[in-house]
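To keep things clear, I will list the structure first and then write my remarks on it.
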Amino acid sequence: MDNIAGTKSSLVWAVHLATAALVLLWVLPTIGLLVSSFRDRDQITTSGWWRSLFPAEQNIVYRAGDADTQRQDGPLWVIDGNVFDGAGGEVTAFGVNSRAPDAFAPGAEADLKDGVKLAVQANGDYRLTAPAQFEGRSPRIFVSSVTPPRFTLDNYRRVMFAEGLGRAFLNTMTVTIPATIIPILIAAFAAYALAWMEFPGRALLIAAVVGLLVVPLQMALIPLLKLHNQLGIGKEYIGIWLAHSGFGLPLAIYLLRNYMVGLPREIIESARVDGATDFQIFLKIILPLSFPALASFAIFQFLWTWNDLLVATVFLGNNPDQLVMTGLLRELMGSKGGEWEILAASAFVSIAVPLIVFFAMQKYLVRGLLAGSVK
Amino acid sequence: MTMKRSLCAGVAVLALMGGQAGARDLKFAPGEDARLNWDSFEAFRQDLSGQELTILGPWLGPDKDLVESVIAYFEAATGAKVNYSGSDSFEQQIVIDAQAGSPPDIAVFPQPGLLRDLASKGFVVPLGDETAKWVAENYAAGQSWVDLATFPGKDGTPGLYGFFYKADLKSLVWYVPENFEDAGYEAPKTMEELKALSQQIVDDGGTPWCIGLGSGGATGWPATDWVEDMMLRTTTPENYDRWVSNDLKFDDPIVVNAIEEYGAFARNDAWVAGGAGGVASTDFRDSPKGLFASPPACYMHRQASFIPSFFPEGTVIGQDADFFYFPAYAGKDLGQPVLGAGTVFGMMKDSPAARAFIQFLETPIAHEVWMAQKGFLTPHKGVNPEAYGDETLKKMGDILLNATTFRFDASDLMPGPIGAGAFWTGMVDYSGGKDAAAVAAEIQKTWDTLK
């Protein structure tokens with residue numbers, strides 16, 4: 001028996017280790033994204049996020065202060081300042097020519113033309129002196145430096161205070177909530193009928209629903225929009241509710257039907273014997289018992305409509321009163337996708353609401369995931 | 001209840017937004033800035049109040065603010081209300097909207113190929129001979145702008161379907177003047193000098209070029225610009241036109257030669273930052289950053305006039321970075337060819353307001369308002385060149401006006417599966433080491449299947 005106990009404890013360790021490793025593997029990309037969301041564009045392009053926690057070696061090109069910041073010091077004209085602009089760091093070398101950016105050690109004095117001299121200290125302070133008044137553009141200072149880790153909230157600031165974000169949030173809610181509720185309502189009725197009401201062609205109907213699961217929604221975009229235009233709905237919220245409901249229904253019906261079919265037959269039959277109508281059975285017995293499945297589908301549908309960009313782009317206009325959050329965040333990136341550094345930050349901003357929904361309904365999700373899988 | 005409440009809130013905010021849009025500010029008060037042609041603004045005044053116009057275009061963010069600053073003058077002159085919305089998936093959206101029957105009144109196409117497609121399916125309203133005549137007379141190289149936007153309609157009769165507004169210049173080489181000074185280089189005037197300079201930079205221990213082709217689903221397009229520029233510099237404009245229409249086959253030695261001319265730069269490990277292998281995998285938005293690295297990762301970058309938006313923050317064009325004309329061979333008598341592109345306005349639904357808007361684009365003021373800000377070039381001969389907001393734009397405008405040959409981006413004119421497909425992927429393959437003739441033959445094979 002001791003033996004068995006001993007094996008068990010070492011196995012537990014192995015399981016824990018494996019779990020930890022797997023969790024780490026799955027969480028790693030998210031951590032990377034989170035770290036990146038606090039870095040500015042230049043940092044993201046020059047080094048990986050895993051290096052952001054350590055002091056980084058950097059080559060900076062710094063433009064010395066403007067000519068109108070100069071002052072007179074005895075016979076000399078002086079421009080001074082700090083190459084880190086106060087952010088801190090340590091200069092390891094500096095230069096005045098792009099061909100030799102690390103020609104001088106900190107503290108040394110470099111000669112530029114016309115008697116102009118430049119000295120850069122290890123802490124980044126520089127002093128540019130000249131016998132005559134500075135004119136035109138100030139020279140560039142090339143600095144090799146070690147800079148401490150630096151993080152910024154700029155990305156979040158830009159996303160959170162973007163023009164129209166509040167509006168877009170409302171729009172997304174206007175799309176998401178009805179687009180989650182409508183398919184659940186319809187699917188619950190349909191699933192009950194398909195599971196517990198006897199009528200000819202039921203099996204065929206179920207097969208058709210399962211078949212619809214594999215139809216890609218992209219195929220339906222143009223015909224559906226055409227239909228909406230002909231019906232006079234055009235690009236309105238009602239249109240996108242209908243579209244989302246339609247695209248969500250096959251999965252919803254399939255999921256709920258499989259769950260309801262697994263409910264104990266005895267309860268339903270005894271209710272029938274007691275004289276309950278189908279509607280009463282549905283309302284009083286099936287619905288409460290199917291709550292986990294309903295909730296889990298609600299989460300699925302909510303997440304899908306929340307993250308959706310394609311359906312919203314097609315069925316809603318691009319104007320501010322119809323632009324959803326995903327569309328707005330994409331627009332923030334600019335005409336040619338140049339502002340991509342806000343992507344990570346916007347991912348975390350837009351994930352906030354789904355996270356709340358997920359944690360609020362998490363216990364149903366786990367139960368609901370098993371819905372229909374075990375009979 | 002939640003749904004209803006958010007709906008009500010939505011309606012309330014909507015009403016609020018509507019109020020704001022109505023009071024759009026004019027960037028320059030009419031009559032004040034003498035550089036702008038206010039007579040044309042006053043002359044355009046007409047009454048369209050109560051009418052609405054929707055415009056869909058590719059411009060977002062700062063570009064959207066700029067186009068809206070122009071639209072504001074149209075609103076002020078007519079009283080019509082314009083809703084501009086931008087989309088970065090414009091190409092897909094306009095096709096869906098047109099086919100489903102809910103297009104905007106006016107669509108702004110980033111390239112004419114898509115407009116041609118939609119026109120041939122009958123989704124675009126022809127602008128008429130008057131407009132064609134106006135463009136031919138008032139644009140520099142006017143007839144070529146007319147030809148670029150003249151397509152067969154659904155019934156096969158050709159007509160003018162688009163109005164070009166806002167040109168882009170592609171034949172530019174960007175560099176950092178101070179890096180050139182430090183090393184004692186001069187901006188080259190001929191292709192021979194450019195190649196000699198590239199070699200000299202290598203001999204001095206530097207790397208001359210930064211080239212990046214990465215662009216998501218459109219990876220490869222920067223190389224098509226290179227090849228088009230090389231076509232114009234190695235063969236006649238007539239051959240270029242024949243190439244666009246496939247009279248000159250893609251695998252013709254002339255085209256293969258142009259591809260190899262590009263390869264002379266991009267496939268030379270010593271000439272490209274990161275080596276030839278890095279060309280296809282570097283994003284075009286990141287590639288110009290090498291110019292500003294310390295020590296410089298490269299000295300030159302060939303890219304269109306829009307690229308400064310991807311320079312590091314705070315870069316001053318004309319001082320921190322500048323450009324020169326991507327030169328032509330002195331040894332070949334082909335003049336000063338310029339490659340460009342432009343956005344073209346198409347009328348999707350016929351209405352008095354839409355007609356009026358196209359007319360508005362003919363007025364100098366519609367060009368000058370954007371010129372006086374940034375990022376706008378125009379072939380309109382009637383505008384005041386002094387209106388350009390900065391020296392850089394003026395210099396670009398000069399290149400555009402001094403061009404002996406102006407040709408539109410070929411890949412934008414070729415059929416979609418070539419110009420936005422096989423040509424791109426072929427260039428990626430070529431940059432990756434595949435043989436030029438084999439790549440060209442493959443593109444031609446794809447083209448043959450389209451006929």
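Worth knowing before you read on, the calculation uses all heavy atoms, side chains too, and leaves out hydrogens, waters and symmetry mates. Lettering of chains follows the sequences in order, A, B, ..., and the numbering in each one begins at 1.
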### Query
G101(B), S102(B), P104(B), G205(B): which one forms the most heavy-atom pairs within less than 4.5 Å of chain A?
S102(B)
### Task
Go through the atoms of D283(B) and report whether side chain, backbone, both or neither lie under 4.5 Å from a heavy atom of chain A.
neither
#### Entry: Largest heavy-atom contact set with chain A, pairs under 4.5 Å, which of E178(B), E181(B), K64(B)
E178(B)
### Enclosure of E57(A) CD (heavy-atom neighbours >12, cutoff 6.0 Å)
no
### Message
Quick check on Q218(A): does its CD atom have over 12 non-hydrogen neighbours (other residues, nucleotides or ligands) under 6.0 Å away?
### Response
yes
### Message
If I measure from the heavy atoms of chain A, does D286(B) come under 4.5 Å with its side chain, its backbone, both, or neither?
### Response
side chain
### Message
Any heavy-atom pair between the side chains of Q319(B) and R63(A) that's under 4.5 Å?
### Response
no
### Query
Can you tell which of A293(B), G314(B), A183(B), P110(B) has the highest number of heavy-atom pairs within less than 4.5 Å of chain A?
A183(B)
### Task
Specify the closest pair of heavy atoms between D97(B) and V314(A), including all atoms of both residues, with the distance to one decimal.
OD1-O, 4.4 Å
#### Entry: Side chain to side chain, R140(A) and D182(B), heavy atoms closer than 4.5 Å
yes
#### Entry: Atom pair CZ (F180(B)) and OG (S98(A)), whose distance is rounded to the nearest 0.5 Å
10.5 Å
### Task
Mind checking the OG-CZ spacing from S89(B) to R330(A)? Nearest 0.5 Å is all I need.
4.0 Å
### Message
Is Y299(B) in contact with chain A via its backbone, its side chain, both, or neither, using a 4.5 Å heavy-atom distance?
### Response
side chain
### Message
Determine whether V316(B) and R137(A) satisfy the following criterion, side-chain contact (heavy atoms from CB on, under 4.5 Å), listing intermediate values before the conclusion.
### Response
CA-CA 11 Å; V316(B) 183; R137(A) 293 221 95 194; 4.2 Å; yes
### Query
Heavy-atom distance under 4.5 Å to chain A: side chain of Q99(B), backbone, both or neither?
both
### Query
Non-hydrogen atoms of chain A under 4.5 Å away: do they reach the side chain of P58(B), the backbone, both or neither?
backbone
### Query
N318(A), N59(A), N319(A): which one forms the most heavy-atom pairs within less than 4.5 Å of chain B?
N318(A)
#### Entry: Which portion of F90(B) sits near chain A, non-hydrogen atoms under 4.5 angstrom
neither
### Residue N229(A) versus chain B: region with a heavy atom under 4.5 Å
side chain
